[in-house]
Amino acid sequence: MKILSKNGNELLLLAMKEDSAAKGDYLLIEDRSRSMVVQVYDEEYLSSQALVEDIVKEEVVNASSMENLHDPLNIGSLSRLVRDARVFRAKIRASVNDGKLSSDVTWLPSRVESRIRRIAMKELSSLLGRYGVFAIPIGRAGREEEFEIYAEDLDGKLSVITGKKESGKSHLSKMLIKTLVQYGAFVIVFDLNNEYGGLGWSCDGVPSSIHQQVKILEPGKTLRFTLNYCGKTAISGMLRNALDMPAASLREFLRIWDWCESKQSLSIDSIGNAVNTWNINELVRDALVSRYHVIQSSRLFTNGEGSLQFEDIISGNSGAAMIINMGEISPTVRRMVVELVLSKIVDLLEHKKIPPIFLFAEEAHIYVRDTYWEDIITRMRHFGIYTTFITNQPDALSDGIYRQVDNIFLFNFTNDNDLDKISKVSLADNDTIRSIVRTLPQRHCLAIGKAVCDLPVVIKVAAAEILTLGETKKFFTKK
Amino acid sequence: MINQKALFSDNILSLRDLDIGESVSKCLAPKLDVLKGKKIVFCYDDKKMMPVDGWGMRSNPYSETTITTIRPIKENALVAAIDSSSIKLAETEDGSLYGIKCGVATAYAGHTLMHFKIGPGLFYLSEKTVHESELEERLSRLVLLDDDLAKRLIRVRVERAVQKEIATNFTNSIILVDGSLKASIFEERGCRISKISESSVLRKNMLVGISKSTKLKALDRAAAPLTKVPGPAYIEVEDIIKSLIRNTIGSNLMVKLEKGTSSPILRADIVGDVRQSLGKLLGNDVVAGGYPETLRLAHHISTFTSIEVTCLRSHILNSYDVTELAAEDIRRTLLGSIPV
């Protein structure tokens, strides 16, 4: 390979047929004592007017008549070599000074003297000083080299996993959750398709290594709270944000709550009785009654029997995955569940009753409003909730969220609007995103951010050893 | 005599003082008055331009020449067209290196059959190598001085070699040659056009030389009546050619190979029966745009592309232990360029 030209932070590299590099590969350009790290983001043919004319001419001639060659100097093979020559477009990522990566890329490597070679992921990691204690092997990168990120890179961070439908997002998130739990972390999953329950099982139906640590929480069944446990703040938050209760009605509800609490009879039934007998405006009563019926029909609250306390699950050091199945509940109940869970978790974290929590939210825009998520993101990372959003609609997350994001795992997108959105807000440059993401095969992702020390890496996500649930139900089944 | 000091101090030097204008106007009479009433075709980049509808009957002093129409003969025969091109690739202290490509395209029963690409090949011409080429002393010195002559030498030698092989190996075929059938000073003794012509006759081949253009203006005018003929036709111009050029072979004609008044008129030299040759050519080759497809194909496969030139340079550097020196375009360096 040879350097052809430089434009901004982009190098054009001339490659012959035997020089191979894939999109996303890192190359090291060594020029005497200095080196430069570049990443290939696109590949095209070496093309000139003369070359195109040559190819067209030959095709036209050969289409009209059969060719017989007498080429004593074998110039034809050289000519074919030129026609197959390619140009790699590469972005300059860093330079290497004293064995360490540096952002000083103000020098230009020699076109004549420079030697260009592929750089192995291990070598790159060593240059980056990318080490950790809790490795999460997520697949292969470069030339089938094992690649791992570290749990520390997700700890205290905001991550986004995005890509089009069936590109492998859930697969990666399950892998992350499983490894985090194995390392003793506590994970809450808002599971929209009831598919994360498979974490407790291997693909062959045998209990998985985290079988005991996977807790499936079904709203109204295994996910029920007492009003006392939730507290006034969580309930009022649920009424305001999930059930859109007006301020006047909320005030009356809080008065009823205080009255029931003072009588030491705080229960769904006592609140229901109070709502019916309380001396209030009829319109307010109507508002309270309608919300009361929603709360009651959600079966999220109990007077004590079978109630859940997060502290009970998050007590040992063994880690746990709390999968909140939201696939079969109404949108209103979904919002109530999310509101209650988040409020309670924040409360527990504030009082230091539980360690920090990892939260995985699938298609979060469906059950929480945009502005609310921004608030959650801004505040909750300080409390100790480290969120990972999983979505196939990158534009469903607001720019405010993207601005705070630490890691993005980008799966394939072909839609221009999605690519536009992602390239505008992501941590890598537009050219890299557009070119690499568009052609990513299934279960391949481009990792960007802290997890890869801000050097984008294409990863082939490893096959999951987890039971696949939540598959699309089909009428026509293949025999 | 003008006083130089006075001239420069007063800054009054003009062409009139030097009489340059008068001297130039007398060196050759412009005779522009003779232009009056003439038909004119402008020239571009030394290319031969032809009036689309000919020069017109009025300008043709040979308008009474007989026009013979050509009928395609549907008798299967192989058509083999030969063309070549040569380029100068490099220079050394005592010689020059040339590249050559030759193409042979064949057609049969109205369809193109196959083509042969020969080369690229390399020839190094220096005093020593030219001496061994049977050229006479004066000519070999000329070849070393003039690149165009050197390229023609290589082209003629290679083309004749190919023509000879085809003429001696094929029978009942039409051998199409790009250009006129004229003996060249560069021919090798064993491969003269006369010998090729003899071999063709012996093997019942027909040798046809077709020129895309001619420098003989008299031929253009003589061929003018052909533009008015609707179909393929020819006019014999042997008298004109033989009076102007020596060493030509066969019958000399101006031909139109395609229907329509816009079809170009080409010079053709034919060894063999004229009607048979042209009839079989039309019956077995495709004529598009008034030119035989095989000759067109032979031309295209024998021309050098810029990629081939690059590859040849690379081959020379890698294979012959030569050292490339930095070089510059001396005209450009000395004269510079003014972009307009």
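Lettering of chains follows the sequences in order, A, B, ..., and the numbering in each one begins at 1.
- At a 4.5 Å heavy-atom cutoff, the contact between A:V82 and chain B is made by side-chain atoms alone.
- In this structure A:R83 satisfies the salt bridge (Lys or Arg N to Asp or Glu O under 4.0 Å) test together with A:D54, A:E58, sequence neighbours excluded.
- In summary, the side chains of B:T303 and A:K57 do present a donor paired with an acceptor at a separation below 3.5 Å, with no hydrogens or angles considered.
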Report task. Carefully, step by step, assess A:R93 and A:T432 under the rule side chain to side chain donor-acceptor pair (under 3.5 Å). Result -> CA-CA 11 Å; A:R93 298 289 183 215; A:T432 306; 3.0 Å; yes
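- Ranked by non-hydrogen atom pairs under 4.5 Å with chain B, the options A:I75, A:V60, A:N74 are led by A:I75.
- For B:E328 and B:T333, the side-chain atoms include at least one donor-acceptor pair closer than 3.5 Å.
- A donor-acceptor pair under 3.5 Å links the side-chain atoms of B:N169 to the main chain of B:E165, judged by distance alone.
- For B:T294, no part sits under 4.5 Å from any heavy atom of chain A, backbone or side chain.
- No side-chain donor-acceptor contact under 3.5 Å links B:K204 and B:N172.
- For the set B:H300, B:E293, B:E308, the count of heavy-atom pairs under 4.5 angstrom toward chain A peaks at B:H300.
- B:R157 and B:S184 are not linked by any side-chain donor-acceptor pair at a separation below 3.5 angstrom, with hydrogens and angles left out of the test.
- For the residue pair A:E123 / A:Y26, no side-chain donor-acceptor distance below 3.5 Å is found, with atom types taken as modelled.
- Within residues 96-122 of chain B, the residues having any heavy atom closer than 4.5 Å to a heavy atom of chain A are B:T112, B:L113, B:M114, B:H115, B:F116, B:K117, B:I118, B:G119, B:P120, B:G121, B:L122, listed by residue number.
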